[in-house]
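To start, the structure itself, in structure tokens.
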Amino acid sequence: MRLPSFDPAPLVGALNPAQREAVMAPPQHRLVLAGAGSGKTRVLTHRVAWLIAAENVSPLSILAVTFTNKAAAEMRARIEQLVDVPIRAMWVGTFHGIAHRMLRMHYREADLPQNFQILDADDQLRLVKRVLKNLDLADDQWPPKTVAGWINAQKEEARRPQHFSDEGDFTQRQFVRIYSAYEESCRRQGVVDFAELLLRAFELTRDHAEIQAHYRRRFRHILVDEFQDTNTLQYRWLRTLAGADGILFAVGDDDQSIYSWRGARVEHMMRLTTDFPGCEIVRLEQNYRSTGMILSAANGLIARNSARLGKQLWTDSGDGEPVQLYAAYNEYDEAEFVVNRIREHVAAGHRYDDTAVLYRMGAQSRVLEEALIREHIPYRIHGGLRFFERQEIKDALAYLRLLHHRDDDTSFERVVNVPARGIGSTTVEKLREYARRHGQSLWAAAREGGDAVLGRAAARVREFLALIESMAAETKELSLSKTTERVIERSGLRDHYNKEKGEQAEARLENLDELISATRSFELSIEPPAEGQPALDPLTQFLTHAALEAGEQQAGPGEDCVQLMTLHAAKGLEFPVVFMVGMEHGLFPHVRATDEGKLDEERRLCYVGITRARQCLYMSYAERRRLHGVEQLCVPSQFLREIPHHVMVELRPRAHVVRQAFAPGAHGPYRREWGTPAPSHTPLPESLRQSQGPQGLALGQRVRHARFGEGTILQFDGDGERMRVEVRFQAAGTKWLMLSVANLQPA
DNA sequence: TGTACCCAGGTTTTT
DNA sequence: CCTGGGTACA
């Protein structure tokens, strides 16, 4: 069927030549190398609109995949504005969302129960812990986090327990054993974790010829956002879905690949041109976000990376101001600098919203927060627990889950004694043991176990079972929101948190109320199931929603406030004024990423940070910083040296500072005053150019040690007599040495 | 069952 | 230094 097409000309009228080339490309594979701020989303949405308008492609033939719900929602909304045909039936979503959708439709073929539930990361960890207990493995020897990470990594490689041979070392055999038991437990409970969603969907489309043919026939065009973030499994799935005839339109930026530690493989971008025949590259290099100075800083820095696809950002909107660098005495001084500058910007007419403070580690926010609070500057921290991840919310959801799935052990264990009802760990242990021996759920064990197993606690357990049963009966006819309301009351959760004291408890009660209103608005938004989608009950839909879209991090985003976040969290955002703080070796690049292999990704992270700024970019480092309780002598980040000197100026204090004045805790009276920025030809301070350490030793310098041989200086720590130096030796590994004792010679 | 203390450990995080 | 998790007691 040909849809009524409309005039496609206005679609591309406002695009620049590179954007137009991408949008109007013939129906063939394309890799769009989209620099930061080059109109990536614009190209993606216009490409979809172009396909519909000019190529007469039905929206039903298009699959658009993103990584975050936010990006998916934005894409759909913007496409909707561009085309005048209905696109409701078009598949736009996250990898996980799309996988989930397929699994719901083909749950039989995927060998899942119709009402399967989704485990989030926290649920998964709890389940791993339980599995370890069942296998009698001590969790200090088998750290649950490590185990969960390993399992997820296997799933990302599409590896199932049965793919491992019996050989392999002891550790691996144990891992496989745990993986097996974990899978079995998931199967019994009818739950899937995040990685499993993708793996099942991949296996489904790989192994079921009919389903594979169906989707290949259907999705003629597959568009993928943030392609540099695809993991192995996602890439293979895309290839399977595309088959020989599907047309891939991938958009991404290899220079912004910062999630390799999470499985993302930037190499997939490089592989596209060979795996997808005829795939041509289109570069978007014109930047519409930042000033020329900021772009030069970014270009110069990222040029040091190897194995790039290569691109150079440019703008025609002027140079702007150079990047302003501040050498703080310590982290308090740094925070004060940030706060003062924010005040100046606000006085000059900026909103708080216009400024973002970016840091490498979440732990850096505390000192900044204190300074902001002291100055009564409103701020918001991105990151941290999201709504549906909060303890009280997960408690309530666990009760809801139990109403529908008594065999959901994860939920059972979570709330069987919340609020406390006399079912302690010993009792739960007995239940677990009984359930394990009989291959049953905890619920079944609780019902059958009886007095013989549970002794005195049996009555309490029976009460709990009766509570769940009676809540289920009472809420059978009720709407989702009424059910939720009832469950929060009847379970005793509200009383439980009512009795707790403190601000925290108050917030928890508010969150429980918020949950009720969330269910209320969710009810109103429920739409009839799309094409062939089985009608799911509202509760399952809501639980899915909760797992797949964990919600906003913090309430009140409407308020005008300074934005604090990690560099990772800043990806995809932009701000007129950006502060990058903590530009110190060991902090950024992070200590655990200072070796060659990982440095490029840190540099990309720095590149991401720089390219967030529209007009004004500040960078700062502290000469001393307290980290893990000890004061460290800091060395400026090498990234500062790697930024071309002519686009950076140092802000110099007008008055000299008496260093002793900056004793810990004493920062109030010692505020520095700032002169006007030095002219841009001001040379960088000595410290930056040479990165001199103490005693004539420099960071990164090759040195010789009498016993350990040759090595490279990684960092300095401590003061005076107690100063230590970390050296990575060729043969002897990395060591901390007392500088006064080590007698290091330049090599 | 709840709390007080001890100890280890301490990037980055979406789904 | 600060946090979270685990253990030891009241």
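Below, read A as the first sequence line, B as the second, and so on, with proteins coming before strands; counting in each chain starts at 1. Basis for what follows: all heavy atoms, side chains included, without hydrogens, waters or symmetry-related copies. Since the model is a prediction, treat every value here as computed from it, not as a measurement.
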Starting at the 5' end of DNA chain B and moving along, which residue's nearest nucleotide shows up first, A/Leu548 or A/Gly362?
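Result: A/Gly362.
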
Using heavy atoms to find the nearest nucleotide of DNA chain B for A/Ser425 and A/Ala569 separately, return the residue whose nucleotide is more 5′.
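Going by which nucleotide is closer to the 5' end, it is A/Ser425.
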
Identify whether any heavy atom of [X] sits under 4.0 Å from a base atom; if not, whether one sits that close to sugar-phosphate; answer base, sugar-phosphate or nothing.
{"X": "A/Asn417", "answer": "sugar-phosphate"}
{"X": "A/Ile423", "answer": "sugar-phosphate"}
{"X": "A/Glu602", "answer": "base"}
{"X": "A/Ala99", "answer": "nothing"}
{"X": "A/Ala121", "answer": "base"}

Kindly write out the residues that satisfy salt bridge (charged side-chain N to carboxylate O under 4.0 Å, His left out) with [X], not counting sequence neighbours, or none if the list is empty.
{"X": "A/Glu369", "value": "none"}
{"X": "A/Arg462", "value": "A/Asp451"}
{"X": "A/Arg421", "value": "none"}
{"X": "A/Glu157", "value": "none"}

Give the B/S/- string for nucleotides 2-10 of chain C, one per nucleotide from 5' to 3', where a protein heavy atom under 4.0 Å of the base yields B, of only the sugar-phosphate yields S, and otherwise -.
S--------

Between C/dG5 and B/dT12, how far is it from one C1' atom to the other, in whole Å?
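After rounding to an integer number of Å, I get 22 Å for this pair.
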
Say you pick atom P in C/dG4 and the same atom in B/dT13; how far apart are they, in whole Å?
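After rounding to an integer number of Å, I get 15 Å for this pair.
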
Under 3.5 Å, which donor-acceptor pairs do the side chains of residues 599-606 of chain A form with other protein atoms, sequence neighbours left out?
| residue | atom | partner | partner atom | Å |
| --- | --- | --- | --- | --- |
| A/Asp600 | OD1 | A/Arg603 | NH1 | 3.1 |
| A/Glu601 | OE1 | A/Ser260 | OG | 2.8 |
| A/Glu601 | OE1 | A/Arg604 | NH2 | 3.2 |
| A/Glu601 | OE2 | A/Ser260 | N | 3.2 |
| A/Glu601 | OE2 | A/Ser260 | OG | 3.2 |
| A/Glu602 | OE1 | A/Arg360 | NH1 | 2.8 |
| A/Glu602 | OE1 | A/His590 | N | 3.0 |
| A/Glu602 | OE2 | A/Arg360 | NH1 | 2.7 |
| A/Arg603 | NE | A/Glu642 | OE1 | 2.7 |
| A/Arg603 | NH1 | A/Asn305 | OD1 | 2.7 |
| A/Arg603 | NH2 | A/Glu642 | OE1 | 3.4 |
| A/Arg603 | NH2 | A/Glu642 | OE2 | 3.1 |
| A/Arg604 | NE | A/Ser257 | O | 2.7 |

B/dT11 glycosidic torsion: syn (within 90° of 0) vs anti:
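That one's syn.
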
Does the side-chain ring of A/Trp261 sit on the six-membered ring of the B/dT12 base, less than 5.5 Å centre to centre and under 30° in tilt?
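One would call A/Trp261 stacked on the B/dT12 base.
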
Under 5.5 Å and under 30°: A/His590 stacked on B/dT11:
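Given the distance and angle limits, yes, they stack.
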
Taking only N and O in the side chain of [X], is any of them less than 4.0 Å away from OP1 or OP2 of [N]?
{"X": "A/Asn69", "N": "B/dT14", "answer": "no"}
{"X": "A/Thr566", "N": "B/dT13", "answer": "yes"}
{"X": "A/Arg386", "N": "B/dT15", "answer": "yes"}

Is a side-chain donor-acceptor pair under 3.5 Å present for [Y] with [X]?
{"X": "A/Thr410", "Y": "A/Gln189", "value": "yes"}
{"X": "A/Glu392", "Y": "A/Asn511", "value": "yes"}
{"X": "A/Asp123", "Y": "A/Gln117", "value": "no"}
{"X": "A/Tyr259", "Y": "A/Asn231", "value": "no"}

Take atom [atom1] of [X] and atom [atom2] of [N], then tell me their distance rounded to the nearest Å.
{"X": "A/Phe588", "N": "B/dT11", "atom1": "CZ", "atom2": "C1'", "answer": "11 Å"}
{"X": "A/Lys571", "N": "B/dT15", "atom1": "NZ", "atom2": "C1'", "answer": "14 Å"}
{"X": "A/Tyr259", "N": "B/dT11", "atom1": "OH", "atom2": "C1'", "answer": "12 Å"}
{"X": "A/Leu599", "N": "B/dT11", "atom1": "CG", "atom2": "C1'", "answer": "15 Å"}
{"X": "A/Phe387", "N": "B/dT15", "atom1": "CZ", "atom2": "P", "answer": "16 Å"}
{"X": "A/Arg421", "N": "B/dG2", "atom1": "CZ", "atom2": "P", "answer": "12 Å"}
{"X": "A/His585", "N": "B/dT11", "atom1": "NE2", "atom2": "C1'", "answer": "15 Å"}
{"X": "A/Tyr332", "N": "C/dC1", "atom1": "OH", "atom2": "P", "answer": "10 Å"}

Sequence neighbours excluded, every pair satisfying side chain to side chain donor-acceptor pair (under 3.5 Å) that has a member inside residues 129-144 of chain A
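Listed by first then second residue: A/Arg130-A/Glu413.
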
Identify the pairs formed between an N or O of the protein and an N or O of nucleotides 5-10 of chain B at a distance under 3.5 Å, and give each distance.
| residue | atom | partner | partner atom | Å |
| --- | --- | --- | --- | --- |
| B/dG10 | N3 | A/His628 | ND1 | 3.4 |

Test side chain to side chain donor-acceptor pair (under 3.5 Å) applied to A/Glu196 - qualifying residues, sequence neighbours left out
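For A/Glu196 the side chain to side chain donor-acceptor pair (under 3.5 Å) partners, ignoring immediate neighbours, are A/Lys155, A/Arg160, A/Arg200.
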
